[in-house]
Amino acid sequence: MQEVWATLEHVGRTRFLRTVFTSPDSQQPETDTHWRWAGSTSLLCYGQMAAHAGAQILPWVDNIVSRMVYYFSCSRYDNILKTSFLSATIMLLKALRQNSTPSYKFSQIPELIQCLLCILQKEPNFLTTLFREKIILVIVGLSNLRPGLKPMVKSQILQTCLQSLYMLPPTETLRSSLPPLDVAPDVMALYRKSMQALDLLLQSLISENKSVDELCFILQHMEPWLKSDSSDECQRAVQTIFLFLKYVVDYVGLTVSRLTRHPREGSQEGGGHPLHAGPPDRPAHAAVEGQGACHPEPRPPVRVPPPEAADPAEGTSEFTYLNKMKNFEANARRESEMKFYDLVKVLDGNLTVAQHTQLVLTLLRGLCSHNHLRCDLASQLLLMIVEDHSIKAEQVAEILQGLFQELPSIIFKNTLQTVMQAVSVLGTQHTQETVKVILSLCHPSESLRATGAPGCLHSISGSTGLSQAHSTLDREQSSGGCRQVIPLWKALANNTQLARKVLTLLYMKLRLRPPKELVRFTQQAELISLLALGTIYELLYIREYKATVRWAFAGVLVGLLTQLRYLFELDVVDGISDYQEDVLDGKPLSPCRTCLEALKGLFWTTNYWEVFAYLKLLRGWELFEHMETYTEGVTLLARAMAHYDCEVKAVLGQAVISLKSSEERDNIVAILIITEFLNSHELTQYMSRRTVDNFLSLGLNNPNQLVRAMSLKGLSSALMHPEKVMLLRNRLAGLLDGFVGPEPKDLMGLMDILGDILHRLGAQGVGATSLRMAQHLLQLFDDEQADVRGGAILLYGDVLYSGGKKYQQALKNHAFQALVPLLFHLADSCPKVVMKTKLTFLRCAVLLKWEFRKELFGKLAWGRGLSAENDVFIYTVESNLGNYHQFLMQALTYLSSPDRNLKQAAMKFIRGMLQDYFPDLCICLRKADVRTLRKHLEILKQDPDSMSRRFYSSFLEDIWELSQYVTH
């Protein structure tokens, strides 16, 4: 060792080398290029000397390090020098690890580290080698030697390493920032390894001094990067902090090394902040709410961690507490800038329930900052705490109430999304408590007001008009409180199973119905039921709950039907009939009206719009507005559901359960549904006759007279007695003769009987007789008596569906023949006939499977004026391409109708065909058709009605032009 040392010393003292070393920045060319890298060679020699010294290394180590520092400092800096110095340092470090003792103190380590930091500072701002990783790893090894590094050296290490890595180009541009190279390196691998080396450095520093002060000292160096204008620098800092804190949580037990309090805090005794009060055996300062930069930052949503990196969100619940200690004098000078950055870094390991609640509430307040990064950090930390199952059931109420207060102030979309994700996780863990609290956040009067005026069902015509208008009114007319509650309910629908639990709990609360005589003494129980009712109504129109509502359709339906009857029993019917669909005023709805609108919305939002339309066009929903007609409404609703096969199996199962209930209202609703479902095409697929017989027999013993009567009616149905089918069909065929004759008697009574028989036969159908009946009824469409033509039109709609599969196509053809007469009767002088015509016209469209059936219903139900008339005309013609000839010929016959309304409707229709479909008519019409058209128009020439004469004059030229183009 001595001989090698002497040789190296002799080389170092030569005049030539001294000249080279003392002018490292000189631009003059070297006299001998062989001596250019003498310094690098000497560094490698000292490295080899350390590597082969073995047990003799300790006496020589400080001398070797001093010479390495000297040669590095005096030599010209280039890649060879930095490579040689790094290699020599690595060899020295390996030798020290193998031969050093814990008691030995090194004196030259800080100087050696300064040289390494110098190399790191001079690294180019791109990644082509592992120099950054190696230098940081060497510093890690040197920092473990004795004595420990002074704070100033640590600070320089942290500043230099963070700057070298954080200021690299954005991750997505790392590869494109490389200079031209023969072989491009794996930049992402280099980046990941360099960042992992930084993580090891931080872990090494905290492992050497396991104190809160050391933790805060390290984190303070991250603070400037968290406030950087560059989002990439911020994200890198956040990722580093996460991994660092995870290591602290999992492997480091922190100690409090110094008692420090914020000057503003004063005494911790008495009414201090709850977070400041630690457990009895811990100093009060151990849980200080710091003001300034948030240190243990959560991962940003835009950052995707490297594949090798562990998930930073894991294990945070074990973190006992984190206390931000820093220079409060400096913090006070920046207090105005940091006032929105109050985030508590005390986690739940050793906190009481009250302290933990206050921690979460502090995070909630941090969500309202105008600094995007701070809000994002607070929301991510909140999510981590919730995901760690650290929130207990007794905390849910206070936390959700605090969140409810802060929601209006959250301005960043991604922050709100993260918070809602936390609510979803919380709801999964504590479903009952979460539903109970959210339900209580909106007073029933607000809830019913928030549902708005469901008259908006028609305010926007078309297939989506109902849901769109409701959503609009919900946001514009509802109270502020309920607008804040809606996002919380939406959050609980992110998980399918959770959404189902939520709806089930609401259904159970809906059924909390105390008897009438006890309601005055249990007002809270009544409010719970009303809150559940209003909330269910809201959920119908929330897209996230669409699938869940469909899943719970049967339970919700029966629940709403029984709830409405319960409200009738309580005599809280004020306002149910005063409701105006045309007014979107945002006034609170009465409980009964809310229940009815929820019932209507259930069918619309689940896309069973045909059932909704059936009742709407028959004014069936109005039957639910009075106790006296309530049973008729349920019967008509069940009939429509059976006709359109609307959740028959599920609703039947729910009705069977309700039939066994001890509540009379449940029994009534159940038996009304079951008896109507006996006419369903699909009933026998779900339940055998014997099973149905058993349930109906059960109803015979019910104390309620209506239940007994309906049970008896069901037992006498054609489904239960198949032999009745042939008798009813024969009776029907005989009754059809009543239509034949010069003066048929009591047509209304005849049609009532025929309709009743059709209803009793239900799924059995009437076969070929349906065609005869349809023909007879079609002839009555233009009867002078409004009751007769209205009855015929309505019954015609039932007949179209009574022929069974065998005669379905024939009935479709017949329905096509009835389209034009029905279209004209939409302008009938009798409003009742118009309403019945709308229903039958729609049923024809459904049978013929028009594309715009739902839009057509919107126009029929709520359309007004010429615009609606034009839309119905377009839907009719466009849904029957190629049939213009038949439509026009049918319309011509009504030009001579004695009914002025029908005549005007025919003229409008012909005008529309000639104006909008003239080229098509030129193709499909024949010469004979044009002569027929001209003949009917000539009749109008002498018509006493001036409108008819004007129509003739206006289109005479069009008829002449049409005759010129029609050649066959």
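Side chains of Met167 and Glu233 form a contact here, defined as non-hydrogen atoms less than 4.5 Å apart. A heavy-atom distance below 4.5 Å is found between the side chains of Gln421 and Glu387. With a 4.5 Å cut-off on side-chain heavy atoms, Gln235 and Thr240 do not count as touching. Looking only at side-chain heavy atoms (C-beta outward), Glu398 and Gln358 come within less than 4.5 Å of each other. Contact annotation: the side chain of Glu133 never approaches that of Leu198 to less than 4.5 Å [non-hydrogen atoms, C-beta and beyond].
Checked by atom type, the side-chain pair Asn144/Ser204 shows a donor-acceptor distance below 3.5 Å. Judged by distance alone, the side chains of Arg132 and Tyr191 never bring a donor and an acceptor atom under 3.5 Å apart.
In terms of modelled atom types and a separation under 3.5 Å, the side chain of Thr418 and the main chain of Asn414 share a donor-acceptor contact. No side-chain donor-acceptor contact under 3.5 Å links Ser369 to the backbone of Gly366. Counting only distance, with no hydrogens or angles, the side chain of Ser424 and the backbone of Met420 share no donor-acceptor pair below 3.5 Å. Checking side-chain atoms of Thr594 against main-chain N and O of Ser590 turns up a donor-acceptor pair under 3.5 Å. Using a distance-only test at 3.5 Å, with no hydrogens or angles considered, no donor-acceptor pair links the side chain of Thr548 to the main chain of Ala499. Distance alone, capped at 3.5 Å, places no donor-acceptor pair between the Asn209 side chain and the Ile206 backbone. Judged by distance alone, with hydrogens and angles left aside, the side-chain atoms of Arg500 form no donor-acceptor pair with the main-chain N or O of Val549 at under 3.5 Å. A donor-acceptor pair under 3.5 Å is absent between the side-chain atoms of Ser155 and the main chain of Pro151, judged by distance alone.
Only one option out of Ile399, Val485, Ile438, Val437 pairs with Phe404 in a side chain to side chain contact (heavy atoms under 4.5 Å, CB included); it is Val485.
When the shell of 6.0 Å around CD of Gln432 is examined, it contains 12 or fewer heavy atoms from other residues, nucleotides or ligands. By the neighbour-count criterion of 12 heavy atoms within 6.0 Å, atom CE of Met508 is sparsely surrounded, having that number or fewer from other residues, nucleotides or ligands.
Residue Leu403 comes nearest to Val423 through the heavy atom pair CD2-CG2, 3.4 Å, listed as atom of the first residue, atom of the second, then distance.
In this structure, Tyr541 has its ring center at least 6.0 angstrom away from the ring center of Tyr545.
For Glu208 and Lys154, the salt-bridge test fails: no basic side-chain N is under 4.0 Å from an acidic carboxylate O.
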